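Note that this is a predicted model, so its numbers are computed, not measured. Each chain gets a letter, A, B and so on, in the order its sequence line appears, and its residues count up from 1.
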2 protein chains.
Amino acid sequence: MSERVTIADVARRAGVAISSVSSALNDRSGVSEETRRRIRLAADELGYVASIRGRSLSSDRAYAVGLIVRRAPAAFDRDSLLPAFVGGVQSMLETRGYVLVLLGGAPVDDKLQGFRRLMADRRVDGVLLQDIRHNDPRIPGLLDIGLPAVGIDAHSDGFPFPVVHQDCNAAIRTLARTLVEAGHGRIAYLTGPRPHVRSWRTRMLWREALRDYGVVIDPVVEGDGSFEDGERAAEQLMAGREPPTAVVAASDAAALGFARRARALGFRIPQDVSIVGFDGVPAGRVLDPTLTTVRTSPFLIGAKAAALLLESLGERKLPDVPLPPAEIEPGGTIGPSRNRERPAPPPPPTALECDPIAGTLNMLVSRAEGSDTAF
Amino acid sequence: MSERVTIADVARRAGVAISSVSSALNDRSGVSEETRRRIRLAADELGYVASIRGRSLSSDRAYAVGLIVRRAPAAFDRDSLLPAFVGGVQSMLETRGYVLVLLGGAPVDDKLQGFRRLMADRRVDGVLLQDIRHNDPRIPGLLDIGLPAVGIDAHSDGFPFPVVHQDCNAAIRTLARTLVEAGHGRIAYLTGPRPHVRSWRTRMLWREALRDYGVVIDPVVEGDGSFEDGERAAEQLMAGREPPTAVVAASDAAALGFARRARALGFRIPQDVSIVGFDGVPAGRVLDPTLTTVRTSPFLIGAKAAALLLESLGERKLPDVPLPPAEIEPGGTIGPSRNRERPAPPPPPTALECDPIAGTLNMLVSRAEGSDTAF
DNA sequence: TTGAAAGCGCTACCAT
DNA sequence: ATGGTAGCGCTTTCAA
């Protein structure tokens with residue numbers, strides 16, 4: 001209600017010039033300690049807080065970074081990692097006086113009209129790019145107006161901005177090996193949205209990993225990675241005469257949808273079908289047994305991405321930031337294959353000759369409770 | 001990369017005054033059609049987009065609203081409804097040229113230092129208040145600096161801002177009746193965070209509803225509404241010698257945690273214990289059977305709240321906005337009580353004499369599959 | 001209808 | 001060390 005307190009009010013009260021107030025309050029040099037103290041006092045008494053608007057205009061900085069959530073607002077809840085990611089961003093920004101601006105959802109007409117306006121009006125000093133696609137139209141847009149950006153998990157060739165990327169290959173290979181050693185030979189794959197770079201990479205990694213262990217993914221079910229998508233996939237795959245003994249999904253949501261439907265069709269998890277997800281969303285713990293998945297670190301990714309972006313605001317192109325690799329969330333949805341050809345159980349490893357990785361593997365294969373069933 | 005195109009550039013190119021450009025581009029009257037067209041053309045050719053900074057300073061509006069997520073950034077992922085809510089807000093804002101600014105998490109020292117700064121620097125034109133607490137310190141802060149606000153689901157007395165509120169009483173009463181008619185007499189309650197107005201209200205509504213049907217909630221387990229909290233509650237409640245036959249939780253997360261742990265302890269759902277959640281989070285569908293809960297409408301709430309806030313930017317206090325009441329998400333976690341005292345099954349209702357509400361009730365009580373078990 | 005000019009609140013530069 | 005002042009890019013008022 002009270003009238004705005006401006007820098008001029010503070011200057012008047014402290015009996016100094018406006019410029020001195022600015023210098024004093026921004027911890028710049030060129031102000032005597034005595035004067036600085038007097039100014040601080042005056043500012044406090046008046047409850048002065050510098051207007052971001054004036055500051056923004058004159059300093060040519062918005063003190064804000066943008067996150068462009070590239071999906072329709074009504075589908076925001078499809079991204080279960082969004083809150084954690086945003087939390088990470090926030091945790092970094094708030095230590096530096098920056099804030100996060102959410103820039104509109106998907107462009108309706110794909111002409112990016114509104115989107116470009118948001119970038120061009122200099123509301124933010126830089127943006128975080130999520131859900132990056134092949135030939136993402138945002139990239140030329142950003143280059144065009146010269147807005148700094150940081151990519152999230154997008155190692156596509158020639159990407160012009162620094163990238164925060166979490167390696168998932170180790171986790172995937174371990175899981176692949178686990179599946180193969182558990183006897184799985186018919187492994188299906190549920191894809192994520194086709195245009196996403198990340199979906200595509202994940203798929204490649206799985207394909208290569210399984211191939212290296214002698215298994216060709218088959219069939220591949222194209223989808224959008226949603227829960228319903230997983231349900232559909234289960235319907236389709238498990239109805240066939242030779243259903244897969246294991247399913248790998250590009251997202252936890254799809255994995256959970258698959259699990260639900262497969263169960264409804266009478267398949268037990270993991271005795272009849274093993275399931276592996278990807279992401280590490282909280283809902284994975286609701287499944288019983290808990291979903292085995294590749295746990296990424298959205299909070300950490302958000303924090304690192306924000307930090308990288310803030311740095312980018314100054315300099316030119318910075319090096320990519322690696323993160324600790326994604327880990328495996330063990331869970332209980334991997335079990336021995338019923339079609340196992342070599343039923344020889346691995347000899348119990350002794351402590352000494354125990355390969356640490358193999359040890360992990362064995363832990364990951366949960367012994368089916370009713371393991372005395374026929375197979 | 002290219003230099004910024006300013007309004008002066010457009011004016012020069014079109015051969016008119018700056019003020020004319022402003023008027024023309026903002027669809028104000030006082031500009032001839034001919035001039036307006038010429039100006040538009042010049043602006044297009046130059047790729048001019050008005051700087052929000054200059055506009056903001058001179059028009060005294062930020063064209064942004066803030067959302068203060070009142071929890072630590074690391075706990076953002078505890079709010080499973082956040083994405084949907086934010087999506088709703090976004091869907092409304094983007095039609096009006098506004099954006100959403102996320103204002104820092106919880107104040108560390110509870111002195112609201114950083115928080116007040118964010119409000120006071122006029123970065124936003126108004127804020128959405130979520131997770132409102134009793135005697136919420138944000139309220140005097142907002143009143144102090146005269147920033148408009150809208151409350152989400154906070155019907156506390158004397159709340160000085162308009163509120164968007166979704167009625168849950170009907171849903172709760174129906175569920176209460178369902179539980180009681182299913183024979184449940186020992187019903188436990190898992191609370192949400194104590195200081196939240198919403199938690200408190202939900203609890204009151206459940207208490208009153210069940211009391212009206214002759215059941216006193218007992219015991220009440222205080223908690224924070226998290227998944228782990230639900231797990232703890234299960235541990236505590238189901239270990240006793242007289243475990244409840246039904247549990248009502250103030251959040252789906254707690255309900256799901258409870259379900260998981262209860263199962264691990266050997267209790268079947270819903271045969272041994274019925275569970276009712278609150279919120280309608282996506283993860284509820286992962287539980288098998290699906291979680292019975294009160295489904296709120298976070299997207300709609302977000303959209304309405306944003307709309308209300310935008311209106312508030314002009315006028316004084318506006319009336320509260322009611323929403324369609326929360327509905328029940330049927331699910332399968334309610335079953336007949338094992339301790340049922342009056343085993344008389346209700347006579348099959350004919351189409352004619354069927355009370356629509358009672359009809360709903362019957363649907364909600366899923367017949368336990370092994371209903372021929374002893375009870 | 002059009003144009004000139006005064007701010008908006010701040011930063012930063014240049015005198016003093 | 002301090003003070004004066006020219007912008008930053010826009011809106012808005014007031015003359016012409």
Q) Short question: side chain of B:Ser297, backbone of B:Leu300 - any donor-acceptor pair under 3.5 Å? A) no
Q: Can you check each nucleotide of nucleotides 7-16 of chain C against protein heavy atoms at under 4.0 Å and return B for base, S for sugar-phosphate only, - for none, in 5' to 3' order?
A: BBBBBB----
**Q.** Side-chain heavy atoms of A:Val150 within contact of A:Ser312, under 4.5 Å
**A.** yes
Q) Side chains of A:Phe161 and A:Leu128: does their closest heavy-atom pair fall under 4.5 Å? A) no
Q) Is the shortest heavy-atom distance from the side chain of B:Leu147 to the side chain of B:Arg122 under 4.5 Å? A) yes
Q: Go through DNA chain D in 5' to 3' direction and return only the first and the last nucleotide with some atom under 4.0 Å of chain A's heavy atoms.
A: D:dA1 to D:dG9
**Q.** Set of residues satisfying side-chain contact (heavy atoms from CB on, under 4.5 Å) with respect to A:Glu34, sequence neighbours excluded
**A.** A:Ser32, A:Arg37, A:Arg38
Q: Check whether the side chains of A:Ser22 and A:Arg28 place a donor and an acceptor atom closer than 3.5 Å, and report yes or no.
A: yes
**Q.** Between P of C:dT1 and CZ of B:Arg38, the distance in whole Å
**A.** 14 Å
Q) Between the side chains of A:Arg61 and A:Tyr63, does any donor sit under 3.5 Å from an acceptor? A) yes
(Q) Does any part of the side chain of A:Leu67, heavy atoms only, come nearer than 4.5 Å to the side chain of A:Val101, both counted from C-beta? (A) no
